[in-house]
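Data first, discussion second: the structure below is written as structure tokens.
Numbers restart at 1 for each chain; the letters A, B, ... are given by sequence-line order, proteins then strands.
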Amino acid sequence: MPNELPKAYDPAAIEQKWADFWVAEKLFDTPLNQPSDGRKPFVMLLPPPNVTGRLHMGHMLNQTEMDILARWHRMLGEESVWVPGTDHAGIATQMMVEKQLKAEGTNRKELGRDAFLERVWQWKSQYGGAITTQMKRLGASVDWGREYFTMDENLSNAVTEAFVRLHEQGLIYRGSYIVNWDPIQQTAVSDLEVEHKETVGKIYHLRYPFADGSGSIVIATTRPETMLGDVAVVVNPEDERYKALVGKTIKLPLSAAAGKPAREIPLLADEWAKPEFGTGAVKVTPAHDPNDYEIGKRHSLAELTIMDETAHIDLPGSPYHGLDRYEARKRILEDLEAQGLLVEVKDHTLAIATSQRSGAVIEPRLSMQWFIKIQPLADKAIAAVEEGHIKFTPPMYAKTYFEWMRNIHDWCISRQLWWGHRIPAYHCPQCGTTCVAKTRPERCGSCDHAELQQETDVLDTWFSSGLLPFTVFGWPEPTEDSAKFYPTDLLVTGFDILFFWVARMIMLGTHFMLDVPMPDGSKRELKDAVPFRDVYIHALVRDADRQKMSKTKGNVIDPIEIIERFGTDAVRFTLASQASPGTDIAFSEARTEGYRAFANKIWNAARFLFLQIDRARTAGYKMTMGAANPVGALPEITPIETRWIFARLNAVTVEVDKALKEYRFDEAANAVYQFFWGEFCDWYLELVKLRLDFPEVKEGEQPIQNPETAISLAGLVGVFEASLRLLSPFMPFLTEELWHALYEGKPYAKSIALTRFPQPSDFPADDTAVSAITTLQELINTIRGLRKDLGVPEKEAAPILIHGDHRTLALADAHRDMLAKLARVSDVDFATETLTGTDARSGVGFDVRVIYERQIDVPAERERLTKEIAKLTKGLEAANRQLCNEAFLAKAPANVIEGLKKQQSETQLLHDKAKAALEALPA
RNA sequence: GGGCGAGUAGCUCAGCUGGUUAGAGCGCCUGCCUUACAAGCAGGAUGUCGGGGGUUCGAAUCCCUCCUUGCCCACCA
């Protein structure tokens, strides 16, 4: 029997069961490559977590938001397709396995490329599923039938295809350029993978003597070790101090190597040198600094590489050969000082570039890399957002996006790693030609050599993930899925990958999909080439003190641990209710406790309901549970509170619908919370108890059925069932459990997730009922407050005397039972005159007196009334000021004036009554 | 150096396309085990909306300025 629910809600007892059920039953799977069935699809791509990842609160927030939307759209009857997958995460995964190897006393080079890759796959099959297992525990309603891994064969083929096409289109080039070099990973990384850290370092002024012995020039540098690679010194052509010296030759200190004399380098003029900075003279090291590289190009200078891949000096014959860069710096400074060439050392704040993954200080390095010529892609990506084909929420992120996109640099896509998509380029060892092809060519196209070697570099992980919105649907093949599901509707993600991923998807999506015709064969336009139509950027989840969560601070909240304590639904609700766009979430357990209480409230409301159902059955009432259909008009005899709660349900569904359309998860969550707790539980359940009278059926007697009771019970069940459906996108576990319990294991659908989401049109609005209940609530609240101040004991009933307008009196008269139940009113009597005095209080349409012998606390009442009068006076003054203002009356809209007038007269009334009450107080 | 935000009750945050007397949750105070729920019920207190100036009939909301604070981007030796 359903009423045998435990008294308190225990999420741990039910959640795993439903999580398993949803996956096992493939409830959220959609058929692959089927022609459209005419339904509107709702398509989202889950931002693929790294295969090495563990679930954190950011994931949980992301998945909660996406799941609310996926479930909502699904319940609206749309084909909700939410594609999950994991990213191979080149650097992260390779690091993970290399760490293992190190512990075993070996390394990847010893193992060799093939064996190493085998190890990585082995690692992946063993540990790679951790994060998806955690996702399943969250109840994310993703389509597991479409789960992918970015290194899957089909996706890898698509990556190759994309690379080859870009190369054919002249958008990929290879060349020797200065890149951000990570000396620990020994790979190039893109600009985005570099973090700049403000650090107080030193700036050194070094004296470079002229070769002719005619003097010297002092240069400034923060990296003195790079002087070994200097090929020139430049000064600004307008710099009066140095104008005359330009053209002189410098004898570069410390550059003498075994058997070789010191190198001589020229002093040149270049705009780059800013007279006001440092000494105004800049040393030029083209192979180890991006600016110097440019200078070098302008003056056709040599590019002298002096460091190896591990940032050790690589200058055979030099005394510094083999030294680590910092050791070399130390030695060089010592040697310069010994020669009297170290002029000055000053503190200097600079932004040190470090590698995001390894933390290594980036060493700019000249090396052969692959790049994407980004401008043509960026142009389309900018247009897509400018023209409104992609909408950002919150909109301010569009500004950030434009800012970055308009200052974009070519993207270095090659990585000197082993784990990843290997670049489909082939080098001829004989003639040195490189060709790009989908498959390995038999022979070199230039010299016919037979043994071409594939490029050893792999692609930046973000290259493949940037293609996902179309590759997951089968691109480059023209599939039904692609026709139906591209563009996806929405991307939900964090701002941290706005450039890494979002921007790249937009660039690659608009680029490649523009070439794919529309399902009807027509040419695709930019608006349909975009990878998604909406981007919702969510906040960062911080700890309760607004601190960023980090391992070093030890304030990381583990979602799995927290859901074990509070239940997944409570944690989801916490995140949703805080998810106000543009604001970070300070995750506090206190709040989660509050929502656990909410879950418990729902649970207990269900217990109450089930108890009533059992009582009704015992009394011979027939119960039908199928309430998921529109309610339509209510029968004549339907009591007012049931009319009211249906009208409220109508209003709250409007609110939720509006909020979710705007991605206002907080507003949606607050609306359902307020409705369920503040209205359904606090008022409706209490009121409906008055109708639920089930007399005991004696042996042999025919049960007597009260139609009002029957309709109330049906209303109660109907509203509760609708509430469960309304709540289910937010709290899928609890609602699934209770919904199945309500139908006693024989529900009309396999899951509440497959039912219809409550719609405004399902529930009749009823202004009369709403205003009646509102007035009764006001009356009850007034009586409750008065009783409290009079000191009437909680349990004791007291009679009231009421005076007021006809409508209010009629309501009070007709609903004495409500007053009795909710305000402990023992009897209602009517007065013909205004009621004042210490035991009376006024509402807008009434005065009410509670008859009770104990006198009120006069000083307390005086204080209360004084405060109230002050507040009313303030409001009154404000209103009067406005209403006496000609300009206001002339310019303000009519409805505002009307509203103010009405409010003014009501306030005046309350003010006068309060004033009278105060004056009536005994001295 | 450039860009984008934030400052509202003790705490975390709504409200900000200007319009009635600024809200919620948590916390706090008081009284209640009222047979769905003490993870509960009822009642209560709490804010010159960061400071200053301006626009307007009307400003938490728009503009200027200052203060405090966060984030992103950046090749200044």
- Would you call the rings of A:F676 and A:F598 parallel, tilted or perpendicular, where under 30° means parallel and over 60° means perpendicular? perpendicular
- Check for a donor-acceptor pair, side chain of A:N604 on one end and backbone N or O of A:R607 on the other, with a separation under 3.5 Å. no
- Task: For B:A77, take OP1 and OP2 only and decide whether either is under 4.0 Å from a side-chain N or O of A:H348.
- Result: yes
- Task: Using a cut-off of strictly less than 4.0 Å, decide whether A:K795 has a side-chain nitrogen or oxygen near OP1 or OP2 of B:C33.
- Result: yes
- Where the side chain of A:K274 is concerned, which of B:A42, B:A77, B:C37 is the nearest nucleotide? B:A77
- Item | Separation of the P atoms in B:G23 and B:C4, to the nearest angstrom | 34 Å
- Query: Mind checking whether A:Y673 and A:Y595 have ring centres under 6.0 Å apart?
  - Reply: yes
- Query: Taking the side chain of A:Y673 as its heavy atoms from C-beta onward, which of B:A36, B:C4, B:C26 lies nearest to it?
  - Reply: B:C26
- Message: Less than 4.0 angstrom between a side-chain N/O of A:W677 and OP1 or OP2 of B:C41, yes or no?
- Response: yes
- Task: May I ask you to decide if A:T285's main-chain N or O and A:D292's side chain share a donor-acceptor pair within less than 3.5 Å?
- Result: yes
- Item | Nearest-angstrom distance, C1' atom, B:U69 to B:A24 | 25 Å
- Message: Between B:U61 and B:U56, how far apart are the two P atoms, rounded to whole Å?
- Response: 16 Å
- Item | Of A:K7 and A:T279, the one whose closest RNA chain B nucleotide lies more 5' | A:K7
- Item | Least distance between heavy atoms, A:L716 atom then A:Y684 atom | N-OH, 3.5 Å
- Where does the angle between the aromatic ring planes of A:F371 and A:Y177 fall among parallel (under 30°), tilted (30 to 60°) and perpendicular (over 60°)? perpendicular
- Query: NA contact type, A:N407, heavy-atom cut-off 4.0 Å: base, sugar-phosphate, or nothing?
  - Reply: nothing
- Selected nucleotide, minimal atom distance to A:E794 side chain, candidates B:C32, B:C75, B:C73: B:C32
- Examine B:C41: is either OP1 or OP2 under 4.0 Å from a nitrogen or oxygen in the side chain of A:K601? Give yes or no. yes
- For the side chain of A:W272, counting heavy atoms from C-beta on, which of B:C75, B:A36, B:C32 is nearest? B:C75
- Could you check A:L910 against A:A281 and say which one's nearest nucleotide on RNA chain B is further toward the 5' end? A:L910
- Shortest side-chain distance from A:N604, nucleotide among B:C37, B:G31, B:C76: B:C37
- Message: For a quick check of understanding: with a heavy-atom distance under 4.0 Å over all strands, which category does A:G280 fall into, base, sugar-phosphate or nothing?
- Response: base
- Integer angstrom distance from the P of B:C37 to that of B:A42: 15 Å
- Task: Give A:S580 one of three labels, base, sugar-phosphate or nothing, depending on what nucleic acid heavy atoms sit under 4.0 Å from its own.
- Result: sugar-phosphate
- Query: Considering only side-chain heavy atoms of A:A220, which listed nucleotide, B:A36, B:A77, B:C75, is closest?
  - Reply: B:A77
- Message: Could you tell me how far B:U55 sits from B:C16 if I compare only their P atoms? Round to whole Å.
- Response: 25 Å
- Query: Given B:G43, is OP1 or OP2 found less than 4.0 Å from the side-chain N or O atoms of A:R784?
  - Reply: yes
- Item | Interatomic distance at C1', B:G70 relative to B:C29, whole Å | 35 Å
- With respect to the phosphate group of B:A77, does any side-chain polar atom (N or O) of A:T221 fall under 4.0 Å of OP1 or OP2? no
- Query: If only side-chain N and O atoms of A:R664 are considered, is one of them under 4.0 Å from the OP1 or OP2 phosphate oxygen of B:G15?
  - Reply: yes
- What interatomic distance, in whole Å, is found between P of B:G2 and the corresponding atom of B:C11? 34 Å
- Query: Any idea which of B:C57, B:A77, B:G5 is nearest the A:K891 side chain?
  - Reply: B:C57
- Query: Expressed in whole Å, how much space separates the P atoms belonging to B:A38 and B:A6?
  - Reply: 43 Å
- Below 4.0 angstrom from OP1 or OP2 of B:U35, is there any side-chain N or O of A:K689? no
- Output yes when A:E796 and A:R787 qualify as a salt bridge under the 4.0 Å nitrogen-oxygen rule, no when they do not. no
- Message: Applying a 4.0 Å non-hydrogen cut-off, can you work out what A:R223 is touching in the nucleic acid: base, sugar-phosphate, or nothing?
- Response: nothing
- Message: Ignoring hydrogens and geometry beyond distance, is the side chain of A:K788 in donor-acceptor contact with the base of B:A42 at under 3.5 Å?
- Response: yes
- Message: Just to be sure I understand the rule, does A:N781 reach a base, reach only the sugar-phosphate, or reach nothing, if contact means heavy atoms closer than 4.0 Å?
- Response: sugar-phosphate
- Item | Phosphate-side-chain proximity, A:H196 and B:C75, N/O vs OP1/OP2 below 4.0 Å | yes
- Task: Determine the contact category for A:D584: base if any of its heavy atoms lies under 4.0 Å from a base atom, sugar-phosphate if only primed atoms, P, OP1 or OP2 are that close, otherwise nothing.
- Result: sugar-phosphate
- Regarding the side chain of A:R591, the nearest nucleotide among B:A36, B:G25, B:G5 is B:G25
